[in-house]
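Within every chain, numbering begins at 1; the chains are lettered A, B, ... in the order of the sequence lines, protein sequences first and strands thereafter.
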Number of protein chains: 2
Amino acid sequence: MDVKNEPSHLNDLSVVKSVSLTSALEKELERLILTGELEPGERINEIHLSNRFGTSRGPIREATRSLEAKGLVEVVRNRGVFVRRLSVQDAIEIYDVRAALFGQAGRLLAERMNDELLAELTRLVDEMDVVAERGSFDDYYPLNLAFHNFIVTSAGNRTLTAEYHRFVNKLHLFRARALVQGGGLAVSNREHRAMLEALASGDGDRAQMTHWRHVALAKRRVIAAVDGASRID
Amino acid sequence: MDVKNEPSHLNDLSVVKSVSLTSALEKELERLILTGELEPGERINEIHLSNRFGTSRGPIREATRSLEAKGLVEVVRNRGVFVRRLSVQDAIEIYDVRAALFGQAGRLLAERMNDELLAELTRLVDEMDVVAERGSFDDYYPLNLAFHNFIVTSAGNRTLTAEYHRFVNKLHLFRARALVQGGGLAVSNREHRAMLEALASGDGDRAQMTHWRHVALAKRRVIAAVDGASRID
DNA sequence: CGATCGCATGGTGTTGACAGTTGTCAATCT
DNA sequence: AGATTGACAACTGTCAACACCATGCGATCG
């Protein structure tokens with residue numbers, strides 16, 4: 001075995017050979033895009049990237065084709081690939097899809113509810129109540145994320161989970177993303193409680209409805225925020 | 001304008017230069033997969049394909065990476081890419097996602113209903129009734145497809161439409177696809193009428209429910225068919 | 001006779017080079 | 001001055017060659 005004796009703390013990309021360069025690059029590019037290091041609308045220069053990562057252009061091109069299919073970038077022939085920029089309209093459409101998926105997750109979870117799941121969900125909602133009371137948004141955000149992820153993951157449909165995350169990711173490309181966070185912590189958590197009760201009841205219809213509505217209301221808040229912002233401009 | 005004066009009836013793949021080779025190949029491969037010309041589980045040989053299409057391996061690799069992201073093929077490092085094979089479990093999961101998306105489409109359509117849309121939907125359902133009466137499955141199938149497509153498209157959410165079709169496509173990879181068609185034409189069209197009435201009423205909740213249920217029932221029929229088949233084996 | 005090792009082979013992973021296209025900038029013309 | 005043209009620079013599209021890996025087969029050894 002001629003193991004390359006490279007220090008293991010090198011760039012993530014040197015840990016390759018067990019996983020293809022292409023998929024490692026794809027992950028890294030996705031990270032750069034979702035963290036905003038590559039901004040929406042920005043052009044991705046293949047040569048520049050290949051220099052930066054020390055590879056040739058082939059794997060980078062393959063990675064970007066994959067990202068294109070995932071909807072994170074846009075490829076224009078002979079012009080290059082651009083980080084996808086979401087319009088307000090796009091974001092609204094995504095909210096509808098997300099609502100549908102999240103509602104389905106709620107239904108599935110209600111149908112397989114048990115004490116253990118209920119305990120964890122209750123814990124999260126209780127904790128969010130505490131944090132919301134003192135209006136600490138920075139503490140609320142990760143809890144909120146964990147709550148939603150827990151619901152979707154626990155629903156037990158891997159396809160649904162993957163799809164849900166794909167769309168949540170896409171929302172990161174929304175320029176006016178800052179607006180998404182409007183609407184009061186207490187209000188949000190009141191909706192969480194309604195979801196929790198529906199889940200506890202084991203009523204699939206009711207769970208789907210409450211979960212759907214939670215996202216639909218988030219969508220409405222975003223629209224309101226966007227309208228407000230554009231009125232100011 | 002220096003329009004290339006090539007006969008327009010050439011091979012699909014030679015009409016390139018306006019559209020990239022990669023995306024032309026991707027479309028062609030997708031067609032081969034969805035029509036079953038490339039069977040689920042079958043390995044895709046890059047060299048073989050590049051000879052067949054007269055290109056190098058680069059564009060083919062890019063196309064397959066895109067198909068991988070779309071979930072139509074599976075890439076195993078150093079082994080090759082394989083046409084994805086869906087398990088019964090996968091198919092069931094997809095039905096849940098599809099139900100969620102179709103339900104959402106129903107809701108959106110109900111909220112933007114008008115006489116013109118209603119007329120077309122009614123026409124399709126009436127026609128399906130006629131065809132169902134004489135049990136002609138071959139005539140029913142395209143009408144049924146058109147009906148569903150019309151609903152999803154008319155809902156006016158392009159993201160949702162794309163996503164819905166992606167999942168319907170994926171179901172084509174299901175080995176036991178023949179079973180999907182079980183369950184009586186008349187029964188199916190009775191569900192269509194319920195959907196139609198809900199849409200006509202403009203009640204979003206009710207429309208979402210009826211549309212969701214229609215797919216959920218289809219899922220149940222598939223499960224029953226699969227169970228029956230496996231009991232025979 | 002069975003198991004293991006090594007090698008040959010077919011195929012994928014990655015690269016560097018070349019061809020073709022787009023956008024820019026300066027010189028020229030109106 | 002403004003518009004137009006032509007050449008140049010920067011990139012992307014495509015290709016062919018090389019490197020590396022996985023599998024199967026046969027020789028060798030226990």
Could you name each residue pair satisfying salt bridge (Lys or Arg N to Asp or Glu O under 4.0 Å) that touches residues 142-154 of chain A, not counting sequence neighbours?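 Sorted result for residues 142-154 of chain A: empty, none.
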Partners of [X] by salt bridge (Lys or Arg N to Asp or Glu O under 4.0 Å), sequence neighbours excluded?
X: A:Lys170; result: none
X: A:Arg57; result: A:Glu46
X: B:Glu74; result: none

Just jot down the ring-ring contact (aromatic ring centres under 6.0 Å, His included) partners of A:Phe147, sequence neighbours excluded, or say none. A:His192
Under the ring-ring contact (aromatic ring centres under 6.0 Å, His included) rule, collect the residues that match up with A:Phe102, sequence neighbours excluded. A:His148, A:Tyr164, A:His211
Protein-nucleotide distance ([X], atom [atom1]; [N], atom [atom2]), rounded to Å:
X: B:Leu21; N: D:dT12; atom1: CG; atom2: P; answer: 18 Å
X: A:His48; N: D:dA10; atom1: NE2; atom2: C1'; answer: 14 Å
X: B:Glu68; N: C:dG13; atom1: CD; atom2: P; answer: 10 Å

Among residues 57-67 of chain A, which residues get a heavy atom nearer than 4.0 Å to DNA chain C?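 Correct list: A:Arg57, A:Gly58, A:Pro59.
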Can you name the atoms? Protein N/O to nucleotides 9-11 of chain C N/O, anything below 3.5 Å, with the distance.
unit_1: C:dG11; atom_1: OP1; unit_2: B:Asn45; atom_2: ND2; d: 3.1
unit_1: C:dG11; atom_1: O3'; unit_2: B:Arg43; atom_2: NH2; d: 2.7

Could you tell me the separation between the CG atom of B:Leu143 and the CG atom of B:Asp138, rounded to the nearest 0.5 Å? 11.5 Å
Suppose we screen for side chain to side chain donor-acceptor pair (under 3.5 Å). Which residues come up paired with B:Asn157, at least two apart in sequence or across chains? none
